[in-house]
Amino acid sequence: MSELWFCIIIFVTSLGAGLLGALSGLGGGVVIVPLLTIVFHVDIHYAIGASLVSVIATSSGAAAAYVREGFSNIRVGMFLEIATTLGALFGAWLTTKVPTQAIGIVFGAVLLYSAWVSLKAQHEVITQKADALAMKLRLLGQFPTGHGDQAYVAQRVPLGFGMMWMAGVLSGLLGIGSGAVKVIAMDQAMRLPFKVSTTTSNFMIGVTAAASAGLYLHSGYLAPGLVMPVMLGVLGGSLIGSRLLVKAPVRTLKVVFSLLIIAMGIEMIVNSVRRI
Amino acid sequence: MSWNDKRIEVWVSFMLRTGVLIAAALVLIGGVLYVAQSHGKPSDYREFHGEPAQYSTLTGAATGVRTLQPRSIIMLGLLILIATPVARVGMCVIGFFFERDRLYVAVSGAVLLILLYSLFFHK
């Protein structure tokens, strides 16, 4: 096998991962890291490096579409980014200290959890109750619905902030966007509308990932020859995926992808435990 | 207030998309050169060694680009990509400043400092 073939195979795999990540709503990072480590036996440090870069590309590349919809809330996003970037710095620092098996086990657990979250039916609680802290921080807004604008005010800000810190730690430790945890922090903990949570989360993912990227770079996790096909593939796949999303049978896809994610999660845990 | 927020977001998204396009183009160009110049077995990523200074420091990457090394061109693309969210936060600081929203100038300024710290000041 030559370098050319290696790049082509990694590119096609990443394209698939990006597509899957966009269609399932889990993000490309969660899919590409297990594929690189399990199928191609790439060391997890190089895998999370390549994944993190792809996460930034996907988040920044999709930004325009989200802005047009007018759902995302930049104040909510910016305030919570204090938590996610601090968490990401800590998570990225952890990757230089903990053994690779530990990263693998946490990754597997996150995969299983993500699959469960994506399968679980989401319920939305929107509230306009004037939470004192949220009012002071102006964590409120309105979003367009079929029948006029719907106003909302964030609730339980400290809980949401804490969960965002955790989302940041996972992002930095695993090289993923951890969009699933971010969305839960906003729509379940802070009671923000689901649409606002998902679009704001997408905006936050790139900034969170950029906080770990510096540490990854200085620790030598970004191998240009590997990052190249992964980043181009995941970016391309997720752009195609978000176009397809409009017509795709989302529910069926979610079930199929979740089973796949569960299988990869178990494989990652078993694999890591065996090497302890 | 909401009109101005919207305007910040439109600038920001334009800049993000441009940044990603430039970054992807550089990575692609560097990648084509990299593959064209390679021979023999593909690189092995099974064991972690850490990338050399040329691909793990900002100054190293800058030096490599001047010699038009394929992997350094990829690296330049990656650095531009990493810079896009940082620039996004920077633009929010400016946008909130024009909205005279002091609280959020401080909030976005704090996020910007954390990002710059990660990129420039450690080790």
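Proteins come first, then strands; the chains are lettered A, B, ... in the order of their sequence lines, and each starts at number 1.
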Greatest number of heavy atom pairs closer than 4.5 Å to chain A - which of [options]:
options                             : value
B:Leu115, B:Thr84, B:Ile82, B:Leu81 : B:Leu81
B:Ser56, B:Ala110, B:Pro85          : B:Ser56
B:Thr57, B:Asp44, B:Val89, B:Leu116 : B:Val89

Quick one: pull up CD in A:Glu81 and CG in B:Leu112 and give me the separation to the nearest 0.5 Å. 11.0 Å
Taking atom CD1 of B:Ile114 and atom CG of A:Leu86, what is their separation to the nearest 0.5 Å?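 The CD1 atom of B:Ile114 sits 4.0 Å away from the CG atom of A:Leu86.
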Please give me the minimum heavy-atom distance between [X] and [Y], naming the atom from each residue.
X        : Y        : result
A:Gly225 : B:Tyr34  : CA-CE2, 3.6 Å
A:Gly61  : B:Arg17  : O-CG, 4.2 Å
B:Tyr55  : A:Leu217 : O-CD1, 3.6 Å
B:Leu78  : A:Met231 : CD2-SD, 4.5 Å
A:His218 : B:Leu119 : NE2-O, 2.8 Å
B:Tyr45  : A:Ala223 : CE2-CB, 3.6 Å

Donor-acceptor contact below 3.5 Å, side chain B:Tyr104 vs main chain A:Leu137: yes
Is a side-chain N or O of B:Arg88 found less than 3.5 angstrom from the main chain of A:Phe203, in a donor-acceptor match?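 A pair under 3.5 Å: yes.
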Enumerate donor-acceptor pairs with a distance under 3.5 Å from any side-chain N or O in residues 37-47 of chain A to protein atoms, sequence neighbours excluded.
| unit_1 | atom_1 | unit_2 | atom_2 | d |
| --- | --- | --- | --- | --- |
| A:Thr37 | OG1 | A:Val33 | O | 3.0 |
| A:Thr37 | OG1 | A:Pro34 | O | 3.2 |
| A:Asp43 | OD1 | A:His45 | N | 2.8 |
| A:Asp43 | OD1 | A:His45 | ND1 | 2.8 |
| A:His45 | NE2 | A:Thr95 | O | 3.4 |
| A:Tyr46 | OH | B:His49 | N | 3.3 |
| A:Tyr46 | OH | B:Gly50 | N | 3.3 |

For side-chain contact (heavy atoms from CB on, under 4.5 Å), just list the numbers for A:Leu222 and B:Met75, CA-CA rounded to whole Å, side-chain angles, deciding distance to a tenth of an Å, and then say yes or no. CA-CA 9 Å; A:Leu222 305 184; B:Met75 213 61 222; 4.1 Å; yes
Please classify the contact between A:Leu4 and chain B as side chain, backbone, both or neither, with a heavy-atom cut-off of under 4.5 Å.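 For A:Leu4, heavy atoms of backbone and side chain both lie under 4.5 Å from chain B.
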Chain B contact via A:Val227 - side chain, backbone, both or neither, heavy atoms under 4.5 Å: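 Side chain only.
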Should B:Leu103 and A:Lys136 count as side-chain neighbours, where that means a heavy-atom distance under 4.5 Å? no
With a 4.5 Å heavy-atom cut-off, do A:Leu89 and B:Tyr117 have their side chains touching?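 The answer is yes; the side chains approach within 4.5 Å.
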Proximal component of B:Leu16, with respect to chain A [non-hydrogen, under 4.5 Å]: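 For B:Leu16, backbone and side chain are both near chain A.
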Give, as side chain, backbone, both or neither, the part of B:Ser38 having an atom under 4.5 angstrom from any heavy atom of chain A. side chain
Heavy atoms of other groups near A:Arg275 CZ, more than 12 under 6.0 Å: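 Yes, because the 6.0 Å sphere around CZ of A:Arg275 holds more than 12 heavy atoms from other groups.
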